[in-house]
Amino acid sequence: MTPQQWAAISNAFLPFDPVPPNKLDQWFVERPGGAFKSLARRLSPDRSPQRYILVGQPASGKSSELIKLAAELRTQHNALVVLFDMTDHIDVERANPVEVLFLMGAAIFKAAAQELPPNAQPAPALLQKLKVGLETLVHERTENKEYGIDLAKLLGGLAVITGTALGGPVGAAAAATASTIMGTIAEKFIPFRFTSGTDIQVVRRLEVEPQVEQLVDVLNEIIGDVESRTDRPLILLVDGLDKLRDADVISLNFLEKKFLNGPRCRVLYAGPLDLYYSPKLGAVRNSFQVLPFSHIKLHDRDNAQKMEKGGYDFMRAVVVERLKSLGFTPDTVITENVLDTLITGSGGVVRDLIRLVQSATLHADVAGEHHITPRAAYKALNELRRQLLAQMDPDYHAVLRTVRETHDRVGGEQAGERCDQLLRNGVVLSYINDLNDDIWYDGHTALTEHPWKESGL
């Protein structure tokens, strides 16, 4: 394997990028249980419009699943699918409903302008009305009297993917999720960074509610306008809100205020795992259907030695399909035994497996190897192990031990908060891949007692 070939392989394993739309046919692997097929049924135009939240830990593969879902909805129903990622445009950990609503309206408008024929374009006056509504709210409720939105700049930098364009995202957004694969440097699209001029304290005020509700009404006017100009059903997929970490911010967006339940179309939000397991947020089910999306189960809950064949098959395919797309015979790059070692160490976290493969290719390249050796794999695993260990102190280690012993979340005020923090940081992992299975938890398998090495684990 030459350095150029190693670079090409490394570029196909970018851990922080979802499957690019133009690689769906080659790279996407269906998860055990067929998640995107179930979601496509729920969002079918034959069913009444509902609002869903797909919840799970970061790095579980939700973004790739949403891209595949957009393609499936387009294929099955000729839907006008609008998919955008909030993290491209705002500081998502501080996101509030005003920002989400405004960007939803702008994304729908941009997608419709790109998708619909010249004689059926969406009404610019409605997007202008949404803009003025937000500017007025900021001017009246904050000290920022000069706040203004440049719509041309916003629309030019708004990264939106549509079902029709799943050979290429809408307009300039093409590079927002796609990277150059064959060894060249990726030329990234720089999306527009949006600030709403508001924060959670402003949105939480009771006197602000009527103005936010007016924004919801204008958003629905945009939705109605677009739907009136086409016979295609409109389906909105909003990624990125799964990265909300602060319980107060999560509660504001999904529980305290009903604004995100306001759009009158089929909507799927990616949301944080807290919405599934936190008793403080359980009432969110009164407004949304909450759907779990966990990491890939690699072993039985009560027997770590009992391998979950379907999980390993899926994870192997994630690697194999990418190698095949580059023209490599997978066994010439990595043997099944070495790949299974990386899969075991990934804990069933898709992003971590992709990260491990990329790291192992670098170590093999530096060592002048012609394939990924066990030594390169163990170096990659120890890098991940050190990163996870760096977050830990004795109190967190105690929580991790309890999770591994019980396979449950740890309770109590202090220990429970530590457990939740480990969940958010991917040290404790959640699993539920089977309708006959309960949700359960375990520590990340990269966190072995001793470093990974060839003489034994």
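Just so we're clear, the structure is a prediction, and the values are computed from it rather than from any experiment.
K68 and E65 are not joined by a salt bridge, as no carboxylate oxygen comes within less than 4.0 angstrom of a charged side-chain nitrogen. R375 and E369 are not joined by a salt bridge, as no carboxylate oxygen comes within less than 4.0 angstrom of a charged side-chain nitrogen. Between K23 and D17, no side-chain nitrogen of the basic residue sits less than 4.0 Å from a carboxylate oxygen of the acidic one, so the salt-bridge criterion is not met. Ionic pairing of R316 and D340 is present here: one or more N-O contacts between side-chain nitrogen and carboxylate oxygen are shorter than 4.0 angstrom. Using a 4.0 Å cut-off between charged side-chain N and carboxylate O, D246 and R94 make no salt bridge.
For the side-chain contact (heavy atoms from CB on, under 4.5 Å) with W6, the lone residue among N11, L362, V366, T361 that qualifies is T361. Partner of N96 under the side-chain contact (heavy atoms from CB on, under 4.5 Å) criterion, out of I200, L101, I90: I200 alone.
For P97 against V203, the heavy-atom pair with the smallest separation is CD-CG1, 4.0 Å.
A donor-acceptor pair is defined here as one N or O able to donate and one able to accept, closer than 3.5 Å; no such pair exists between the side chain of D242 and the backbone of G56. Listed for the T329 side chain is no donor-acceptor partner under 3.5 Å among the backbone atoms of D331. Between the side chain of Q358 and the main chain of F13, a donor-acceptor pair closer than 3.5 Å is present.
The environment of CZ in R285 is crowded: more than 12 heavy-atom neighbours from other residues, nucleotides or ligands sit within 6.0 Å. The number of heavy atoms from other shown groups lying within 6.0 Å of CG (D25) does not exceed 12. Counting non-hydrogen atoms of neighbouring residues, nucleotides and ligands closer than 6.0 angstrom, the NZ atom of K379 reaches no more than 12 such neighbours.
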Applying salt bridge (charged side-chain N to carboxylate O under 4.0 Å, His left out) to E30 and K37, what does each step give before you reach the verdict? CA-CA 9 Å; E30 185 176 341; K37 291 180 179 177; 3.4 Å; yes
Please walk me through it: do D408 and R301 pass salt bridge (charged side-chain N to carboxylate O under 4.0 Å, His left out)? CA-CA 10 Å; D408 290 322; R301 169 180 174 150; 3.3 Å; yes
Hey, mind stepping through R193 and E99 against salt bridge (charged side-chain N to carboxylate O under 4.0 Å, His left out) and telling me if it holds? CA-CA 11 Å; R193 300 301 293 180; E99 293 167 332; over 6 Å; no
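The aromatic rings of H299 and Y431 sit tilted, their planes meeting at an angle between 30° and 60°.
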